[in-house]
Asks: 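I am attaching a structure below and will ask some questions about it afterwards.
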Amino acid sequence: MRKLIYIITNFIFLLFVLNGCGTTDNQAGWGSETTNGISGTIYDSTGNGVPSVQVTLFTKHYRPPLDSALRQVSGYQTVQTDSNGYFLFTELNPDIYNIEARNEHNSTIALLQNLEMSDTTLLKNITVTLHFPGTLTLSLTEQAPAAGTILYLPGTNTRTVISDKDIQSGQTILSGIPAGTFTELHYFHPSSDLDTALPLTAVTINSGKNTLLGPYREWQQQYTITMNTTSSGANIKEDVLAYPLLLRLNDSTTGPDFFSHARPDGSDLRFTKDDTFTQIPYDIVSWDVERKQAEVWVLIDTIYGNNDNQYFYMYTDHSSPPASSTLPVVFNAEHGYAGVWHFEETSAVPAESAFPDEFAFRDASTAGNLAHALNMSKDTVVPGVIGNSAWFNGINEYLFTRQKYDNPQVFAISLWFKADSAGGKLIGFENDSLIYEYYNHDRMIYMDDSGFIRFAVFSPVPVFLSAEDSLLLGYQDSTGQYQGVRRVITTSQSYFDGNWHQVCAALSPIHGQTLFLDGILVASNPDVTRAETYDGFWKIGGGRLAGQWIPELSRHFFAGQLDEIQIRYQNVSAAWVKLNFENQRPESGLYYIK
């Protein structure tokens with residue numbers, strides 16, 4: 001009742017003043033010829049009127065970096081509320097105004113936007129409630145403004161000066177923002193008087209909250225990709241670092257409208273972490289608009305074990321996207337990747353070698369080691385478990401790396417294979433790129449004549465040159481006799497089933513010799529921690545294998561399909577191997593996209 005009487009009293013008072021029957025000294029611009037006005041009351045969150053609050057009125061396009069210094073803006077007025085929280089503005093030119101209220105005693109703030117005034121507009125008894133301000137964190141990666149540039153919200157008193165530290169970090173924070181929705185954000189540099197409006201869709205600032213405004217605010221479609229490593233998802237118990245995540249984009253994973261929003265070549269595709277700022281390296285391996293499917297590799301710095309709430313963002317739908325920022329390669333040598341072949345070239349890249357009639361497949365790792373094909377035709381690229389794969393005839397076709405590798409002693413080899421009824425060499429390490437009768441061949445994954453998968457290492461054995469000598473790892477004793485030992489571990493079942501399977505073979509001083517099939521450890525020998533010492537080439541689908549060294553195999557070459565070969569010169573965990581399988585298998589339960 002008391003508030004109602006107070007409001008009625010204000011209303012009568014406003015009419016009295018607008019009729020020219022009185023003035024007030026503390027209301028800026030108030031006079032006897034007033035024909036319009038705005039009156040109201042500022043309240044706190046409990047509903048009480050707040051005295052001594054600074055209330056500022058300015059036009060919607062008011063520029064705080066310049067206009068606040070000059071105070072030459074038509075309609076700019078500042079008043080303070082009376083003991084009951086009341087304020088009043090008069091004599092306003094026709095325009096669109098904002099009203100900002102700031103209580104310096106407890107740092108609360110409020111903003112009224114888009115108050116349209118004519119010569120006779122009367123806005124009476126407006127109520128404004130004060131709240132704690134919010135903040136806006138803005139990416140500077142695309143604009144890269146100079147230090148000293150002022151970032152501001154037009155129509156408010158909110159601004160900040162961008163520092164050298166902000167430039168280095170790639171982001172700045174605009175604080176003290178009243179809650180509300182904003183459609184404009186500007187840069188202004190005093191030295192040039194250059195005022196730049198940033199492209200901005202509606203951004204809502206909430207009281208006491210920070211709003212992230214990342215580098216992809218111009219992209220119209222944002223997708224959330226959530227990973228699930230709990231028992232209901234991929235069932236990975238440990239964290240895995242620096243993991244290249246395969247995303248299959250199709251109607252099932254993204255919904256039927258995804259490719260209609262994205263550009264035909266996928267050039268507007270981008271990824272960030274959950275902060276919307278930190279850009280994530282990615283590699284588009286295949287992009288097929290007609291079939292509505294794509295395969296993209298994304299580098300995730302940590303995939304957390306037993307977690308179903310880790311997510312990142314994917315962006316599409318930009319009419320003219322700028323060039324993608326320079327980012328690290330997904331399969332980086334820093335993380336141990338020495339060679340990665342996706343076989344996605346529908347017409348394989350020309351070979352830069354002494355074999356002009358042959359061709360090669362791109363290495364997706366920073367090693368850049370092309371896999372050159374011998375005796376293979378270009379139609380060897382056929383549909384695989386991930387996009388395309390390479391098909392081998394089992395007679396004379398194989399791939400070899402053109403560049404020589406230095407004596408790998410710690411490595412993990414992961415690949416997909418599909419075979420019906422014939423064995424052969426899947427991959428191995430040899431000291432020559434061609435096929436000769438006698439030379440070094442070691443570190444081999446092959447399928448024997450019965451369809452069992454085997455991992456063979458020619459391991460050195462302890463050698464005593466004399467009773468006084470220390471224990472040495474060697475290959476020849478004092479009489480010249482070879483001292484290496486063939487070490488083979490194998491699966492317990494045959495894989496002549498015509499289905500896709502993933503094998504991973506690893507060697508390291510930590511875990512020894514290990515063999516995984518479809519993400520599960522099937523065989524190991526912890527005593528084997530080294531392989532034969534020599535530099536050489538990786539051969540895929542063929543090479544010297546049969547004979548005395550491998551008596552259980554009658555053929556050198558593999559008959560079937562191979563896909564997604566990854567060689568990593570780094571010790572890997574069982575969690576990494578399982579994650580690799582769970583992520584790459586066609587019906588992955590590792591992630592979902594919304």
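All values reported here derive from a predicted model rather than from experimental measurement.
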Asks: Of all heavy-atom pairs between Ala456 and Tyr446, which one has the smallest distance, and what is that distance?
Replies: CB-CE2, 3.9 Å
Asks: May I ask you to check whether Thr230 and Asp308 show a side-chain donor-acceptor distance below 3.5 Å?
Replies: no
Asks: Between Val203 and Thr211, is there a side-chain heavy-atom distance shorter than 4.5 Å?
Replies: yes
Asks: Walk me through whether Thr272 and Tyr315 qualify under side chain to side chain donor-acceptor pair (under 3.5 Å).
Replies: CA-CA 8 Å; Thr272 68; Tyr315 305 84; 2.9 Å; yes
Asks: Looking at CH2 of Trp297 and CG of Leu246, how far apart are the two atoms once the value is rounded to the nearest 0.5 Å?
Replies: 4.5 Å
Asks: When rounded to the nearest 0.5 angstrom, what distance separates CD1 in Ile280 from CG in Leu299?
Replies: 8.5 Å
Asks: Take Asp527 and Arg487 through the salt bridge (Lys or Arg N to Asp or Glu O under 4.0 Å) test and state the conclusion after the steps.
Replies: CA-CA 10 Å; Asp527 295 332; Arg487 304 294 183 93; 5.6 Å; no
Asks: Tell me whether Lys209 at atom NZ has more than 12 heavy atoms from other residues, nucleotides or ligands lying less than 6.0 Å away.
Replies: no
Asks: Closest heavy-atom contact between Ala531 and Asp442?
Replies: CB-OD2, 3.3 Å
Asks: Could you check whether the rings of Trp416 and Trp500 sit parallel, tilted or perpendicular, using 30° and 60° as the cut-offs?
Replies: perpendicular
Asks: Go through the steps to decide whether Phe455 and Val528 satisfy the test side chain to side chain contact (heavy atoms under 4.5 Å, CB included), and finish with yes or no.
Replies: CA-CA 12 Å; Phe455 175 36; Val528 180; over 6 Å; no
Asks: Please confirm whether the backbone N or O of Asn396 pairs with a side-chain atom of Asn375, one donor and one acceptor, at under 3.5 Å?
Replies: yes
Asks: For the pair Lys273 and Ile300, evaluate side chain to side chain contact (heavy atoms under 4.5 Å, CB included) and give the outcome as yes or no after the intermediate values.
Replies: CA-CA 9 Å; Lys273 292 185 179 181; Ile300 307 297; over 6 Å; no
Asks: Please report whether the ring centroid of Phe537 lies less than 6.0 Å from that of Phe400.
Replies: no
Asks: Under 3.5 Å, is there a donor on one side chain and an acceptor on the other for Asn228 and Ser232?
Replies: yes
Asks: To the nearest 0.5 Å, how far apart are OG in Ser252 and CD in Gln293?
Replies: 10.0 Å
Asks: Would you check, one step at a time, whether the test salt bridge (Lys or Arg N to Asp or Glu O under 4.0 Å) holds for Arg362 with Asp283?
Replies: CA-CA 13 Å; Arg362 180 177 72 95; Asp283 183 16; 3.6 Å; yes
Asks: Within the distance-only criterion (no hydrogens, no angle test), does the side chain of Ser260 pair as donor or acceptor with the backbone N or O of Asp257 below 3.5 angstrom?
Replies: yes
Asks: Does the pair Phe516 and Lys578 meet the rule for a side chain to side chain contact (heavy atoms under 4.5 Å, CB included), with working shown?
Replies: CA-CA 9 Å; Phe516 297 80; Lys578 188 174 192 310; over 6 Å; no
Asks: Strictly distance-based, threshold 3.5 Å: is any side-chain N or O of Thr229 a donor or acceptor partner for the main-chain N or O of Asn306?
Replies: yes
Asks: Does the pair Ile225 and Phe271 meet the rule for a side chain to side chain contact (heavy atoms under 4.5 Å, CB included), with working shown?
Replies: CA-CA 10 Å; Ile225 302 174; Phe271 296 89; 4.1 Å; yes
Asks: Side chains of His342 and Glu564: any donor to acceptor distance under 3.5 Å?
Replies: yes
Asks: Are the side chain of Thr380 and the backbone of Trp391 linked by a donor-acceptor contact shorter than 3.5 Å?
Replies: yes
Asks: Are Val382 and Gln561 side-chain neighbours, meaning at least one heavy-atom pair lies under 4.5 Å?
Replies: yes
Asks: Do Asn332 and Val330 have side chains that approach each other closer than 4.5 Å (heavy atoms only, starting at C-beta)?
Replies: no
Asks: Is the backbone of Ser319 close enough, under 3.5 Å, to the side chain of Arg263 for a donor and an acceptor to pair up by distance?
Replies: yes
Asks: Given side chains that start at C-beta, do those of His511 and Asn571 come closer than 4.5 Å, heavy atoms only?
Replies: yes
Asks: Would you say the ring centroid of Phe361 lies under 6.0 angstrom from that of Trp341?
Replies: no
Asks: I need the single residue from Gln502, His501, Arg585 that forms a side chain to side chain donor-acceptor pair (under 3.5 Å) with Asp518. Which is it?
Replies: His501
Asks: Drop me the distance from Leu247's CG to Glu295's CD, to the nearest 0.5 angstrom.
Replies: 10.0 Å
Asks: Do you know which two heavy atoms are closest between Ser524 and Leu521, and how far apart they sit?
Replies: CB-CD1, 4.4 Å
Asks: Is there a donor-acceptor pair closer than 3.5 Å between any side-chain N or O of Asp268 and the backbone N or O of Asp317?
Replies: yes
Asks: When you check the side-chain N and O atoms of Asn583 and Asn580, is any donor under 3.5 Å from an acceptor?
Replies: no
Asks: Tell me if a side-chain donor or acceptor on Ser450 pairs with a main-chain N or O of Phe452 at a distance below 3.5 Å.
Replies: no
Asks: Quick test of your reading of the model: are Asp448 and Arg454 salt-bridged, counting only N-O distances below 4.0 Å?
Replies: yes
Asks: With a 4.5 Å limit on heavy-atom distance, are the side chains of Thr514 and Val577 in contact?
Replies: no
Asks: Less than 6.0 angstrom separating the ring centers of Tyr216 and Tyr313, yes or no?
Replies: no
Asks: Check whether any side-chain heavy atom of Tyr592 sits under 4.5 Å from a side-chain heavy atom of Thr253, and report yes or no.
Replies: no
Asks: For the side chain to side chain contact (heavy atoms under 4.5 Å, CB included) test, which of Ile445, Leu507, Leu426 pairs with Ile413?
Replies: Ile445
Asks: Using modelled atom types and a 3.5 Å cut-off, is there a donor and acceptor pairing between side-chain atoms of Ser365 and backbone atoms of Ala367?
Replies: yes
Asks: Where does the angle between the aromatic ring planes of Tyr337 and Phe331 fall among parallel (under 30°), tilted (30 to 60°) and perpendicular (over 60°)?
Replies: perpendicular
Asks: Between Val572 and Ala506, which heavy-atom pair has the shortest distance, and what is it?
Replies: CG2-CB, 4.5 Å
Asks: Please round to the nearest 0.5 Å and tell me the distance separating atom CH2 of Trp538 and atom CZ of Phe429.
Replies: 6.5 Å
Asks: Closer than 3.5 angstrom, by distance alone: can the side chain of Gln171 be matched with the main-chain N or O of Phe277 as a donor-acceptor pair?
Replies: no
Asks: At their closest point, which heavy atom of Asn407 faces which heavy atom of Glu532, and how far apart are they?
Replies: OD1-O, 3.5 Å
Asks: Does any part of the side chain of Tyr223, heavy atoms only, come nearer than 4.5 Å to the side chain of Phe258, both counted from C-beta?
Replies: yes
Asks: Is the positively charged end of Arg443 above the ring of Tyr534, judged by distance under 6.0 angstrom from the centroid and angle within 45° of the axis?
Replies: yes
Asks: Looking only at non-hydrogen atoms, find the nearest pair between Arg530 and Val457 and report the distance.
Replies: O-CG1, 3.6 Å
Asks: Return the CD1 to CD distance between Ile489 and Gln513, rounded to the nearest 0.5 Å.
Replies: 4.0 Å
Asks: Scan side-chain atoms only and decide if Tyr405 and Asn369 contain a donor-acceptor pair under the 3.5 Å cut-off.
Replies: yes
Asks: I'd like to know if the side chain of Arg568 and the backbone of Gly339 have a donor-acceptor N/O pair within less than 3.5 Å.
Replies: no
Asks: Within the 3.5 Å criterion, strictly below it, is a donor on Asp563 or Ser389 matched to an acceptor on the partner's side chain?
Replies: no
Asks: Is any side-chain heavy atom of Glu397 less than 4.5 Å from a side-chain heavy atom of Phe557?
Replies: no
